[in-house]
Amino acid sequence: MNAVHIWRPSATLTNLKLRAELLKKLRAFFEARGVLEVETPALSRAGATDRHLASFRVENPQGGFLYLHTSPEFPMKRLLAAGSGDIWQLGKVFRAGEAGRLHNPEFTLVEWYRVGFDHRRLMDEVAEFIGVLLPGLKKSPEYLSYREAFRRYAGFDPSAADKPACIAALRACGKEPPAQGDMDYDGWLDLVAGEIVYPSMGHGQPTFIYDYPASQAALARVRPGNPPLAERFEVFVNGIELANGFHELADAAEQRRRFENDLAYRRAHGLPQIPMDENLLAALQHDLPECAGVAFGFDRLVMLAAGARSLAEVLAFPCERA
Amino acid sequence: MASYSTNEFKAGLKIIMDGDPYNIIENEFVKPGKGQAFNRVKIRNLRTGKVLDRNMKSGETVEAADVVEMDVQYLYSDGQFWHFMNPENYEQLAADATAMGDAPQWLKGEEACKVMLWDGRPLAVTAPVFAVLKVTETDPGLRGDTATGGTKAAKLETGASVRVPLFINEGELIKVDTRNATYVARAKE
């Protein structure tokens with residue numbers, strides 16, 4: 001890109017108008033369902049300990065650091081624990097180091113929580129949401145468990161395999177895997193998912209992937225069984241991941257254990273330590289109602305609605321022009 | 001030794017992988033929302049020309065390849081090496097057959113070539129885009145036939161083989177596009 005022109009927006013005015021149109025539609029969607037719109041802080045003393053999320057940290061003039069949120073999940077759960085009922089939020093979130101055709105370090109997330117829902121019921125609502133905002137797609141979504149999706153597209157059962165199966169599946173598709181030997185099995189599954197499984201999802205209709213390995217539960221409940229499975233889902237359209245949802249974990253002790261495991265992983269891998277959110281843990285201790293929640297990438301939705309290939313085509317100013 | 005993190009990857013960057021120099025053709029950041037981030041790169045081996053698709057963990061670093069391109073003048077071949085001169089400082093360098101690739105079939109002497117150097121050693125030599133060469137062997141020409149568009153095989157003074165129009169005769173000079181070994185036009189001395 002010519003440096004002389006970077007003051008100009010990278011999105012066309014047509015796409016910016018489409019963006020505004022979709023914002024109206026999504027507000028109407030939640031209004032019609034009686035879901036309360038809320039705003040929570042973007043800047044917080046605590047952050048996401050998640051192994052694969054990098055937070056922007058800013059200096060607090062009063063001492064210490066504040067973190068730009070990577071999603072509004074923790075304070076929204078505090079509202080739920082305080083009795084808010086169904087809530088939704090539209091806002092900017094920040095993820096350091098994520099930049100590319102489908103990533104921008106600052107992006108717009110639509111996040112909502114439904115009291116009394118589990119992940120299956122929330123998947124149905126996400127399907128309706130997509131039906132309203134991307135009307136060109138077939139209405140009936142496809143539902144595949146993580147295991148079925150891997151069996152069908154990568155040719156192996158992720159609950160009964162290990163790294164060699166991942167390497168073989170990648171090689172079979174002509175992809176040379178990374179040489180490094182320090183990646184755990186979940187990392188290898190992410191690679192196979194990103195290279196082989198996810199690109200095949202959501203062509204003509206949304207595809208939901210649900211029941212993730214327990215090791216990839218993040219903030220989802222784990223359903224006991226053999227193997228135990230995380231009550232988590234993601235949804236794809238045109239091979240692009242749009243949303244991630246959980247049947248929300250409400251057990252404070254289990255949540256603390258997961259934060260501590262993440263921080264131990266961070267220490268072992270030379271990643272920054274992030275203060276865990278004690279306010280969230282206190283709220284869970286108080287009582288989080290039975291609920292399910294989902295985070296939906298709004299910019300990618302606009303991109304698909306516009307028939308665009310990259311986020312830059314629907315963002316007024318992506319990071320390199322910001 | 002200089003190195004690059006995957007975060008700095010972009011098309012045109014020269015890196016070393018498995019001991020060979022590569023040029024990055026494409027770089028894409030791939031990351032499941034909750035998962036490990038990767039870079040999906042398409043790279044060309046600058047020694048062999050082979051193109052590879054490769055995945056790397058984001059944040060990994062690789063050694064930078066010290067690859068530069070230089071304008072040189074072709075001097076002569078001793079049968080084993082092709083000798084060139086840097087016209088700026090008159091320094092000479094020698095390229096082997098691997099580095100020369102298809103280039104020798106276009107060279108007679110004094111041509112301005114480009115040489116790609118890796119750590120100062122010739123990696124690849126590119127002949128000028130156009131070469132004017134004499135036809136040494138071809139079937140007799142068809143007088144006056146300049147319109148039918150047929151072609152025939154011809155051998156040039158440097159040993160190169162190209163397809164030429166039917167009206168071209170032995171002993172004539174022709175202009176050739178060396179990038180795809182195709183006839184461009186008749187040429188004058």
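Heavy atoms only: backbone and side chains are in, while hydrogens, waters and symmetry mates are out. For clarity, every value in this text was computed on a predicted model and none was experimentally measured.
Among A:D184, A:L191, A:L189, the residue with the largest count of heavy-atom pairs under 4.5 Å with chain B is A:L191. No other option in A:G97, A:G187, A:A99 has as many heavy-atom pairs under 4.5 Å with chain B as A:A99. Each of A:R95, A:E98, A:R51, A:E234 has some count of heavy-atom pairs under 4.5 Å with chain B, and the biggest count is that of A:E98.
Residues of residues 16-51 of chain B placed with any heavy atom under 4.5 Å of a heavy atom in chain A are listed by number as B:E28, B:F29, B:V30, B:K31, B:P32, B:G33, B:K34, B:G35, B:Q36, B:F38, B:R40. Proximity to chain B among residues 236-247 of chain A is limited to A:E241, A:N244, A:F246, judged by heavy-atom separations below 4.5 angstrom. Of all residues spanning residues 70-91 of chain B, none has a heavy atom less than 4.5 Å away from chain A's heavy atoms.
In this structure, B:K14 places its NZ atom where more than 12 heavy-atom neighbours from other residues, nucleotides or ligands lie under 6.0 Å away. Around CG of B:D119, the count of heavy atoms belonging to other residues, nucleotides or ligands within 6.0 Å exceeds 12.
Between A:W112 and A:F129, the ring-plane angle classifies as tilted under the 30° and 60° cut-offs. Using cut-offs of 30° and 60° on the angle between ring planes, the pair A:F94 and A:H69 is tilted.
A pairwise comparison of heavy atoms in A:A169 and A:I196 identifies O-CD1, 3.5 Å as the closest pair. The heavy-atom pair separating A:I167 from A:P177 by the smallest distance is CG2-CG, 4.0 Å. Among all heavy-atom pairs drawn from B:Y4 and B:A64, the shortest one is CE1-CB, 3.3 Å.
Not a single donor-acceptor pair under 3.5 Å links the side chain of B:K108 to the backbone N or O of B:L133. No donor-acceptor pair closer than 3.5 Å links the side chain of A:T49 to the backbone N or O of A:D262.
Comment: A:E231 does not engage A:R221 in a salt bridge, judged by the lack of any side-chain N to carboxylate O separation of less than 4.0 angstrom. Salt bridge present: B:E172 and B:R186 bring a charged side-chain N and a carboxylate O closer than 4.0 Å.
There is a side-chain donor-acceptor pair under 3.5 Å between A:R267 and A:Q273. If you check the side chains of A:H103 and A:R300, you find a donor sitting under 3.5 Å from an acceptor.
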Begin with the C-alpha distance, continue with both residues' side-chain angles, and end with the deciding distance and a verdict on side-chain hydrogen bond (donor to acceptor under 3.5 Å, both in side chains) for A:S310 and A:E313. CA-CA 6 Å; A:S310 72; A:E313 293 170 64; 3.3 Å; yes

Contacts table for residues 213-220 of chain A: side-chain donor-acceptor under 3.5 angstrom, sequence neighbours left out:
from	atom 1	to	atom 2	distance (Å)
A:S215	OG	A:D186	OD1	2.9
A:S215	OG	A:D186	OD2	3.0
A:Q216	NE2	A:D186	OD1	2.8

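Contacts between A:R232 and chain B at a heavy-atom distance below 4.5 Å involve the side chain alone, from C-beta outward. A:Y198 touches chain B through its side chain: at least one heavy atom from C-beta onward sits under 4.5 Å away, while N, CA, C and O do not.
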